[in-house]
Amino acid sequence: MNSPFHRLAAVLLVTWSCVAGAQELRDTKPGVTTGQEVLRSFGRPTRRTPTPKGGLVLSYQKTAAPEGTRGALFTLDAEGLLQRIDVIPKRPPTRASIEKTYGPECSEDTPPERPCYDIQRSARGFSLNYARLGLLVNFEKKRVKSLTYVAPAPEPESEPESESEPLAATAEPTSGAEADSGEIDLSLRPASIESSEPESESAPESAPTEPRTLASAPTAAESAREAESLQRTTLAMGGRLLQQGYVSGSRLGPDTRMRPNLPALVDLYLDATPGSTFRGFVVGRLVYDPLDQGMSGPQVILDQLWLRFDVANRVFFTLGRQQIKWGSSRIWNPTDFLQRPNPQPLEAFDLRTGVDMLKVNIPFEPLSSNLSLFATADLNGPEGDRLRYGGAVRAEVAVGTSELAASAAFLQGRRPRFGLDWSMGAGQFDLNAELAVMQDTTVGLWQRTADGFVPREFGGPKVLASAGVNTQFRFADVYRLGVRLEGFYNSLGYEDRSYITWLISQDDYQPLFFGRYYAMGQLSFTRRSIYVPTLNFTTLANVLDRSFYGRVDFMVVPITELKVFAFVEAPFGQRGTEFRFQPDPAIAPLPATGLSLFRVGFSVQMRM
């Protein structure tokens, strides 16, 4: 365990857990790992760029970025061997924590065997060079910008000068992902904090659809031809195929009923980049279920359609239907003002479509913050005046290892809503909280009197809040246990379960927003492997109602472009509660509904 590569592996694992905070580098080591192994471990890159010396840079950004990072670059030499890794962490560490973990500044009294750093300065900042560990910590304005890993050098002087300069500090930002030098700029982009674009967008934007065979090195002429091809290519196509199958069991009287479903979904996208400052993106969705009368005729839905451009690389505009998600909680996001609540938050896929709007994003990189302005329009207004307008503003700032966002939303015919969203890394724990102040609601509020149910006044401003804590533990350097706890307080909720029947009859029932208090607990087991087998146990609870919903998920990645999921879920608790609902005919006449018993099924996602 004293070899340089073992020490490097230890550094990578510790850094990934403390800095990136989510997922280990899967034994990826500069000077040892091949490009094929990188592709097997991390999947298809966002972009592949030839280097002047015949090598290749694999870029993983946006939704393709490794968990816990804003982006990662893997630089390969002409023989397909990994030489360097550049990572931008989501929650940068402090300089004090880096020195405590890896060692202090080198001095005459530093023992030769003890890791220490030399300071290297550049026009944009400085770097801490742990040459013996093969680690370069790059700072910009006293804040960690990126981390660079190379093979450990026996002596600090032997590290190549070209690798001592951090990528993020040398590459000039461009409006796209590439820099003029042929490398890719990983500096924080305006949308990187709140980007929630679909997974399909992580496919290569201008690279061949099939991975290059890295065992044979490209010649300089081949690299030049590929670079020219990359510049000419302005349209990328791709998508995903999602096939699901499940059986639901319910009991109506003495009979137990089994209902099968076989829903399928196809997302196809076109991604056009006709110029360095323009980009167009469209996602069409096809939904089909041969066993459901409502979906047996294929339905076509527009998920996204937007045009993005910028002014002087300082103000960024996105016009059209686009994906957006606010909030740091897993299940309850009361500050997600522009999206409707996710009706199936425990599913592996969020199938909500985008929102029609104009987004203006103004980044302030020296302050690690950005300001976003939104203008919306839809046809969901009241009868006779369907068209309604709205707007929102959101400011985000990163302070140390925490991120704080303040938002406000204004919609025609509604009172303003305000929200705060906060997340922070504290050692081994990730903490988050959301707070929303509401002055009205889109559903009716009711109270029960001696004469029956009557409308309830909204009253003054109401508070909705959620909070959570997440941590991970590693065992035997192979297994990882994740623990997440989350709670939700809804001042608009009800404490009496008898309201459920009435709310459903009035179309005012919102799942997971009916009760006053909710809680969620989740355990996640993962084994480090190229197949990434993962087992999740999740329980939701309506605290005052004492009803629960449990779910077990299993996921495996047999090949890079394919994910296979299996699940089983069941409600438990007293009958008549939210999760074990049965209508009460004494309150309102509703169609007879069987008591839900379980649901079991599978899903297969293939990236195209």
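What's counted below: heavy atoms across the whole structure, side chains too, no hydrogens, waters or symmetry copies.
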Going through the checks in order, is the salt bridge (charged side-chain N to carboxylate O under 4.0 Å, His left out) test met by E495 and R546?
-> CA-CA 11 Å; E495 299 181 6; R546 295 186 179 180; over 6 Å; no

Audit row: T501, D584, side-chain hydrogen bond (donor to acceptor under 3.5 Å, both in side chains) steps and yes/no | CA-CA 6 Å; T501 300; D584 186 349; 5.7 Å; no

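Annotation: side chain of L540 is not in contact with side chain of F548 (no heavy-atom distance under 4.5 Å). Contact annotation: the side chain of I504 approaches that of L590 to within less than 4.5 Å [non-hydrogen atoms, C-beta and beyond]. In this structure the side chain of Q339 reaches within 4.5 angstrom of the side chain of I324, judged on heavy atoms. Counting only heavy atoms from C-beta outward, the side chains of Y489 and L464 never approach each other to under 4.5 Å. Side-chain atoms of F579 and F572, non-hydrogen and from C-beta on, never get closer than 4.5 Å to each other. Contact of the E578 side chain with the Y518 side chain is registered, since non-hydrogen atoms from C-beta on lie closer than 4.5 Å. Between L302 and V282 there is a side-chain heavy-atom pair separated by less than 4.5 Å. Side-chain contact between L265 and P263: absent, with no pair of heavy atoms (C-beta onward) separated by less than 4.5 Å.
In this model, a donor atom of one side chain and an acceptor atom of the other lie less than 3.5 Å apart for R497 and Q574. No side-chain donor-acceptor contact under 3.5 Å links T46 and Q61. D430 and T471 share no side-chain donor-acceptor pair at under 3.5 Å. A donor and an acceptor atom, one from each side chain of Q323 and D303, are located under 3.5 Å apart. Judged by distance alone, the side chains of Q522 and T538 do bring a donor and an acceptor atom under 3.5 Å apart. Side-chain contact annotation: Y494 with Q447, donor-acceptor N/O pair under 3.5 Å absent. A side-chain donor from one of E434 and S329 sits under 3.5 Å from a side-chain acceptor of the other. No side-chain donor from either of D451 and T449 sits under 3.5 Å from a side-chain acceptor of the other. Side-chain contact check for T335 and D421: no donor-acceptor pair (N or O, by modelled atom type) lies under 3.5 Å. Checking N432 against W422 by side-chain atom types alone, no donor-acceptor pair falls below 3.5 Å. A donor-acceptor contact closer than 3.5 angstrom links the side chains of S498 and R448.
In R456, the CZ atom is crowded: over 12 heavy atoms of neighbouring residues, nucleotides or ligands sit closer than 6.0 Å. Dense packing is recorded around CG of D496, with more than 12 heavy atoms of other residues, nucleotides or ligands lying under 6.0 Å away.
A cation-pi arrangement is present between R308 and W306, with the terminal nitrogen or guanidinium carbon under 6.0 Å from the aromatic centre and inside a 45° cone about the axis.
Taking a cutoff of 4.0 Å between a charged side-chain nitrogen and a carboxylate oxygen, D440 and R415 do not qualify as a salt bridge.
Applying the salt bridge (Lys or Arg N to Asp or Glu O under 4.0 Å) test to R551 and every residue at least two apart in sequence or in another chain returns E347, D553, E569.
The minimum heavy-atom distance between V443 and T441, with the atom names listed, is O-CG2, 3.0 Å.
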